[in-house]
Amino acid sequence: MYRYLDGLNEKQREAVEHLDGPLMIVAGAGSGKTKVLTTRIAHLMKLGVDPFNILALTFTNKAAAEMKERIEVALGNSEAKNLFIGTFHSVFARILRNEATKMGYPSNFTIYDTDDAKGIIKDIVKERNLDDKIYKPAYVYNRISAAKNSLIDAAAYRVDHHIQQEDQRSNRPQMADIYETYAFRCYRNGAMDFDDLLFKMYELLQKFPEVLAKYQHRFKYILIDEYQDTNTAQYAIIKMLGAVHENICVVGDDAQSIYSFRGATVQNILQFQTDYDDVKVVKLEQNYRSTQSILNVANNVISNNANQIPKELWTQNNIGEKIVIVRTMTDNDEGKFVADAIKEQQMRNHYTNKDFAILYRTNAQSRSFEESLRRMNIPYKLYGGTSFYQRKEVKDMLAYLRVVVNTRDEENIKRIINYPARGIGKSSVDKVIVAAHEQQKTFWEMIEHGSGNGKIDDFVMMIKSFQVMLQTKNAYDVAFAIGKHSKLVLEHYNDKTVEGLARYENVQELLNSIKEFTETPDEEGELLDKSLGSYLQQISLQTDTQNEDEESIDVVKLMTIHSAKGLEFPCVFSVGLEETLFPSAMSLYDREGLEEERRLFYVSITRAKERLWITYANSRYRFGSLVQNDPSRFLKEIPPMYLDLAFTGMSNKADTSVGSAFGNRGGGNAGYGAPKDGFDKVPSLKKLADKLSSAKQAPAPHQPSSDFVADDAARIMKGHKVEHQKFGFGQVMNIEGGAANPIATIDFGAGHGVKKIMLNYAKLRILGD
DNA sequence: GAGCGATTAATTTTT
DNA sequence: TTAATCGCTC
């Protein structure tokens, strides 16, 4: 009767057919987790549950899209359209958009990505005259992010004893102030960062019981994918939303928890059984993906971790090929080896490009593989990295669109007010900012009714004209007009360099994507929101440009292990297995960090279906210079019996015998004569010496007087005592160059000495003569 | 104020 | 290696 149930094994079927009450599915790698989730949803719908009442949350857009598609296939109709399936962030953004005004946000609130957020933090640190070496934007951002993900707001942060101690100890006493300012500024800008989408969602449900009740009753069934990667905020939200029906189904694998840096805590999955009464637990332990060899290696590696839910992955698949470990001399050799091996496998075993994936720890590692693949004419696709939407020219264009939709967004106003250059300088902008903050107004409110600055007024008129268009024109027409009248497109068009051309094309591509968005017809029964605001919201959460028909393009895939989670490939290269790279240097200090790296390695191994190569290089270029690394400690955790020792692919260059692969670096690298210690010390000593010899006493920067006002350059005469904003106090020795372009020779004394200053540009205050 | 070369600092993973 | 900032010139 339910044919789709036939393809399930006993355990899978048990999970699908459990209808009401909390359910935890512990799903090992390759055990058919997505199949179970999608079949379960389809089954619920077959049994009459309204798709409108089902909420399914995933971590990536890719996973959400795949789930939706598979349900459609299972059901054979378009009922799936009404399901609420998406990433945590996108689903909450949608809900927040509906309820935003309750929280004092515009419904078209802007979503700030990490770069936007770091930019604001940078500004704040600068404004407070703090050292940006200590208050590094990335550090501050991560700390604020961690707080939000633990549901700690700025006020709670300030009074949290433990946190305060940490900040004192790390010499960052002003963290709480920065957090508070940052949070306020986002709010004032009508913007939320990624973490706010969770944090504000929590706040919304907390503060507005009627909103909570609405969604509690709406979501009768809640399903959560990758539960091991949820953080405290996500956990709390789910708990609230599910409290009425308690039909919560979580799927996860503690062995694949790899997002603790984003606040994820494995505790959520470990504790699930104690959170609810009568939790049904189903373990999926049969692996359908990998060969026995691959699975054996994976099991051996992960068994080195202490904290685990006990389970044993097994498979009926063939033993398959042994795993190949390859050592190369340099990262370039590593790239070359991989490209060679791909070619060879294609010849010998009839694989095509898309059967291969190269998985690495950090995005920076992609370079050598790209080069070698290109050299051998093997088509590839790079996933992740700086995405399309992070490119400067795209962000510039998006900044215009965002400002037009949400004028509270000071950050983006600042970005575009003088780009393309229209003669509105930093000082004019700063003047507005100071005045606005004094009067408790937003930047836009300050200038929208005239600013006393003709150029700013022109800018305001232009933005307003775009806003008028918003009423009658579609998103594409507005965007096109913005590109044209802001002269942004022209700016790129006039740049005839190769990069300029690329930028022009990227902006055109952005416009195309808006056009596509606008022209996608509404599905039956579903009226899609085609406003510019809706478009912006959607793309803000789209980090990967998930292009058309992923499956059909025949290319080798390059990505980080993190982005490979949930995917599988016939042939996998897990590369860069070196100490300080994988495991990363950042993780070496504590057991948890190291175990997470090991889980990451586990994830990379279990992506492979048929063949697996593990590679590492003796030395590689990092931050511009060659460094040597020991082989990763994880390699020692693989019993040699699973390894293929015969095949090296580069037998003349790379020594892949297990003996030398593990540890005794002296063996095979005679070409790099210098022992490790000497090698490491030379450059650092040299650097130090350079620093000492060139250490000039930098003059202390001049703090301009608080009442500093520049005087008219024409009034400055020989012999005047003057103050310069940067160089401090000095005396005019001489003036030359004629009235049109007078140049003064000024003696600023010991600190800065004698300088020639062009009076038309410099800001000088006359103190007397 | 703006544009351009030169120096220098920085690299974990992502929604 | 590359992105970002610095500092110089017009």
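Chain A is the first sequence line, chain B the second, and so forth, proteins listed ahead of strands; every chain is numbered from 1.
- Between Thr60(A) and dT15(B), a side-chain N or O to OP1/OP2 separation shorter than 4.0 Å is absent.
- The side chain of Ser587(A) contributes no N or O atom lying less than 4.0 Å from OP1 or OP2 of dT12(B).
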Strictly under 3.5 Å: I want the nitrogen or oxygen pairs between protein and nucleotides 2-4 of chain C, one per line.
none

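- Within the 4.0 angstrom heavy-atom criterion, no nucleotide atom of any strand lies near Ser625(A).
- Residues meeting the ring pair (Phe, Tyr, Trp, His ring centres under 6.0 Å) test with Tyr493(A), sequence neighbours left out: Tyr504(A).
- Within the structure, a side-chain polar atom (N or O) of Asn418(A) is placed less than 4.0 Å from OP1 or OP2 of dA2(B).
- Within 4.0 Å (heavy atoms only), Asp132(A) reaches no atom of the nucleic acid at all.
- The residue Phe59(A) sits close only to the backbone: its heavy atoms come under 4.0 Å of sugar-phosphate atoms, none of a base.
- Considering only residues two or more places apart in sequence or on other chains, Glu393(A) meets the salt bridge (charged side-chain N to carboxylate O under 4.0 Å, His left out) condition with none of them.
- Considering every non-hydrogen atom in both Ser584(A) and Leu588(A), the closest pair reads O-CG, 3.6 Å.
- A distance of about 15 Å separates the P atoms of dT13(B) and dA4(C), rounded to the whole Å.
- Qualifying ring pair (Phe, Tyr, Trp, His ring centres under 6.0 Å) partners for Tyr602(A), counting only residues two or more places apart in sequence or in other chains: none.
- For Asn363(A), a side-chain nitrogen or oxygen approaches OP1 or OP2 of dT13(B) to under 4.0 Å.
- Note: CG (Asp113(A)) to P (dT15(B)) measures 12 Å, nearest angstrom.
- Applying the side-chain hydrogen bond (donor to acceptor under 3.5 Å, both in side chains) rule to Arg367(A) yields the partners Asn332(A), Glu371(A); only residues at least two apart in sequence or on another chain are considered.
- Straight-line distance from the CG atom of Asn149(A) to the C1' atom of dT14(B): 12 Å, rounded to whole Å.
- The side chain of Asn231(A) contributes no N or O atom lying less than 4.0 Å from OP1 or OP2 of dT15(B).
- Whole-Å rounding puts the Met192(A) CE to dT15(B) C1' distance at 15 Å.
- Within 4.0 Å of Phe261(A), counting heavy atoms only, lies at least one base atom of the nucleic acid.
- Of the two residues contacting DNA chain B, namely Tyr141(A) and Met586(A), the nearest-nucleotide position lying further toward the 5' end is that of Met586(A).
- For the ring pair (Phe, Tyr, Trp, His ring centres under 6.0 Å) test, residues two or more places apart in sequence or in another chain that qualify with Tyr259(A) are Phe261(A), His562(A).
- Within the cation-pi definition used here (under 6.0 Å to the ring centroid, within 45° of the axis), Lys381(A) qualifies as a partner of Tyr383(A).
- Side-chain proximity of Thr362(A) to the nucleotides dT14(B), dT11(B), dT12(B) is greatest for dT12(B).
- The interatomic distance linking Leu57(A) (CG) with dT15(B) (P) rounds to 15 Å, in whole Å.
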